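Structure record follows, encoded as structure tokens.
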Amino acid sequence: MAHELTVQELEKFSADFNKNPENKVIARSAQRSGVLEASYNDRVQSELTRVFSTELDTDNVTNQKHSGRCWLFATLNVLRHEFGKKYKAKDFTFSQAYNFFWDKIERANMFYNRILDSADMPLDSRQVKSDLDFAGADGGQFQMAAALVEKYGVVPSYAMPETFNTNDTTGFATALGDKLKKDALFLRKLKQEGKDDEIKKTREKFLSEVYQMTAIAVGEPPKKFDLEYRDDDKKYHLEKDLTPLEFLHKYLGDVDFDDYVVLTNAPDHEYGKLYGLPAEDNVSGSLRIKLLNVPMEYLTAASIAQLKDGEAVWFGNDVLRQMDRKTGYLDTNLYKLDDLFGVDLKMSKADRLKTGVGEVSHAMTLVGVDEDNGEVRQWKVENSWGDKSGAKGYYVMNNEWFNDYVYEVVVHKKYLTDKQKELAEGPITDLPAWDSLA
């Protein structure tokens, strides 16, 4: 039922506001310093500490800078901690630029697949529009990074350093997105006209152009490199002429991505089901994005078990909620916006997902947990925003924030129940590109 605001209503709203003198005081504070600063809860700093009962031996942090590559950084951070533990080299880092390069080529190929598959749908259909909106984007999921590592291997950070366009992907992402959308119109026309012979030749030309653009913006990946580093005991190591896949299989050969499962907590979806996101798969014929939806206590238990076994945990979360970059605090009560505005802003996790308030906006790495007689107090988080944010790049998260704003953890299947292991093998219920988990 439509409603038109009247002058009388607006005057009443103003009178209601002004009859409480505290509103004027609160308004001055919020308008001068911003609503977050005005609602900041100082008590949080006395409740969150930097001491953890279980903590991995970590050192330097990485920095994704102005890019959406957190999913890739978090995956390579898990791998580098594994490398550091095995070879006593905790400050060793992998090149994110290397796998980012291949993601652009592979993702363009998958984009063309989807555009051709949906050529009979209207251009303004929800499916085609979602595919076009995702063209050239940086964001991703754990299995996307895993698929790239499995196919192309990894290289040390010095073998393919960051460039301006990996540190700030804005310009390249715009140009690549424009190209892919233009290509989409041409491929759709060929498909609609039944010119299948031309499609193959045109697709190859388009992919070659994507390769050219990526090589110009990012640089071509090395085919071979020399592995050279000093370990934590200052012992020198050198092995020459390794390919990226040789390096992966020789030094991290015991890491099998098929042994890992993404547990998700999405209470707006049915629990005990395995969901897929085919619209975000990035490598054709490789790992699929699969999410096993379970209650939150299973994410907690599996993460703690993996940390106690000395392995970091990739996790997807909504980092922009109740977070302070300067201190590195992640606490549900960090900003008391309800108190500031005098209204109830609380929503359930399910309702946040249903309405788009909640989303997986970032990926980070769990590297510690603090328990008191079996009760979780807080978590240690390794971010990929450099050492100037948080405590030298590390964040501390209370368990309430974990329950409210963490949606995914990547854990070894040995930490799952027998039923969950069975569910993780399929069947998969595929979700559309516009689903709350996408």
Side-chain angles (χ1 to χ4, degrees), residues 71 75 106-107 110-111 113-118 120-121 125-134 137 139-148 150 256-303 313-318 348-361 363 403 405-438:
W71 53 281
T75 304
E106 291 284 356
R107 204 182 294 208
M110 289 292 278
F111 174 78
N113 285 349
R114 295 184 185 108
I115 287 299
L116 289 167
D117 288 343
S118 63
D120 59 340
M121 297 181 186
S125 68
R126 201 172 190 183
Q127 180 63 58
V128 177
K129 189 176 185 307
S130 294
D131 290 336
L132 292 173
D133 287 345
F134 204 48
Q141 304 268 358
F142 165 76
Q143 285 101 337
M144 294 170 64
L148 294 167
E150 277 196 345
D256 186 350
F257 289 118
D258 287 330
D259 288 337
Y260 289 82
V261 175
V262 181
L263 295 182
T264 190
N265 177 246
D268 63 327
H269 293 63
E270 184 181 345
Y271 285 144
K273 291 189 72 171
L274 185 68
Y275 295 102
L277 292 173
E280 296 185 17
D281 292 334
N282 65 331
V283 179
S284 181
S286 187
L287 294 173
R288 287 203 54 194
I289 298 171
K290 297 185 291 185
L291 311 168
L292 179 56
N293 194 28
V294 296
M296 198 65 200
E297 59 262 30
Y298 292 104
L299 279 70
T300 303
S303 298
V313 178
W314 188 107
F315 75 107
N317 58 89
D318 201 355
S348 69
K349 197 172 190 179
D351 285 346
R352 289 200 305 271
L353 285 168
K354 288 175 186 176
T355 56
V357 170
E359 62 176 344
V360 182
S361 61
N403 289 328
Y405 298 114
V406 170
Y407 295 98
E408 301 170 5
V409 298
V410 178
V411 293
H412 197 283
K413 61 185 179 184
K414 66 184 177 183
Y415 304 116
L416 275 56
T417 66
D418 290 340
K419 179 62 176 176
Q420 288 167 354
K421 291 174 187 175
E422 180 184 339
L423 290 169
E425 297 301 320
I428 303 172
T429 299
D430 283 331
L431 301 172
W434 50 89
D435 188 83
S436 64
L437 283 175

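Since we're looking at a predicted model, the values are computed, not measured. In this chain, numbering begins with 1 at the start of the sequence shown.
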Under the side chain to side chain contact (heavy atoms under 4.5 Å, CB included) rule, collect the residues that match up with Asp117, sequence neighbours excluded.
none
Quick one: list whatever passes salt bridge (charged side-chain N to carboxylate O under 4.0 Å, His left out) with Lys413, sequence neighbours left out.
Asp259
Atom pair CD1/CG of Ile428 and Leu291 - distance to nearest 0.5 Å:
10.0 Å
Grab the two heavy atoms, one from Gly139 and one from Trp71, that are nearest each other, plus how far apart they are.
C-NE1, 3.4 Å
Over all atoms of both residues, closest heavy-atom pair of Ala424 and Val261
CB-CG2, 4.0 Å
Is the closest side-chain donor-acceptor distance between Ser361 and Asp318 under 3.5 Å?
yes
Which of Leu277, Leu431, Val262 passes side chain to side chain contact (heavy atoms under 4.5 Å, CB included) with Ile289? It is Leu277
Within a strict 4.5 Å, meaning less than it, do heavy atoms of the Tyr298 and Thr417 side chains meet?
yes
Partners of Arg288 by salt bridge (charged side-chain N to carboxylate O under 4.0 Å, His left out), sequence neighbours excluded?
Asp281, Asp430
Spell out, as yes or no, whether a donor-acceptor pair under 3.5 Å connects the side chain of Gln143 to the backbone of Lys290.
yes
Of all the heavy-atom pairs spanning Glu359 and Tyr407, show the shortest one and how long it is.
O-CE1, 3.6 Å
Got a sec, which residues hit side chain to side chain contact (heavy atoms under 4.5 Å, CB included) with Leu423, two or more places apart in sequence or on another chain?
Leu292, Lys419
Can you measure from CZ (Arg107) to CE (Met144) and round to the nearest 0.5 angstrom?
3.5 Å
Could you grab the distance from atom NZ of Lys129 to atom OG of Ser118, nearest 0.5 Å is fine?
14.0 Å
Applied to residues 412-438, the ring-ring contact (aromatic ring centres under 6.0 Å, His included) test, sequence neighbours excluded, yields Tyr260-His412
Please check: side-chain N/O of Thr264 versus main-chain N/O of Asn293, any donor-acceptor pairing under 3.5 Å?
no
Where is the tightest heavy-atom contact between Gln141 and Trp314, given as atom of each residue plus distance?
C-CZ2, 4.2 Å
List the steps, then state whether side chain to side chain contact (heavy atoms under 4.5 Å, CB included) holds for Asp351 with Val357.
CA-CA 8 Å; Asp351 285 346; Val357 170; over 6 Å; no
Given side chains that start at C-beta, do those of Phe315 and Leu263 come closer than 4.5 Å, heavy atoms only?
no
What I'd like to find out is whether the side chain of Leu299 reaches to under 4.5 Å of the side chain of Asn403, using heavy atoms alone.
no
Do Val409 and Thr300 come within less than 4.5 Å of each other through their side chains, counting heavy atoms only?
no
Would a distance-only check, ignoring hydrogens and angles, find a side-chain to backbone donor-acceptor pair under 3.5 Å from Arg114 to Pro278?
yes
Run the side-chain donor-acceptor check on residues 265-275: report pairs under 3.5 Å with partners two or more places apart or on a different chain.
{"residue": "Asn265", "atom": "OD1", "partner": "Lys349", "partner atom": "NZ", "Å": "2.8"}
{"residue": "Asn265", "atom": "ND2", "partner": "Tyr271", "partner atom": "OH", "Å": "3.0"}
{"residue": "Asn265", "atom": "ND2", "partner": "Val294", "partner atom": "O", "Å": "3.1"}
{"residue": "Asp268", "atom": "OD2", "partner": "Ser436", "partner atom": "OG", "Å": "2.7"}
{"residue": "His269", "atom": "NE2", "partner": "Asp435", "partner atom": "OD1", "Å": "3.2"}
{"residue": "His269", "atom": "NE2", "partner": "Asp435", "partner atom": "OD2", "Å": "2.8"}
{"residue": "Tyr275", "atom": "OH", "partner": "Glu270", "partner atom": "N", "Å": "3.1"}
{"residue": "Tyr275", "atom": "OH", "partner": "Glu270", "partner atom": "O", "Å": "3.1"}

Between Asn282 and Ala147, which heavy-atom pair has the shortest distance, and what is it?
OD1-CB, 4.2 Å
How close do Ser286 and Glu150 get, heavy atom to heavy atom, and via which atoms?
OG-OE1, 4.3 Å
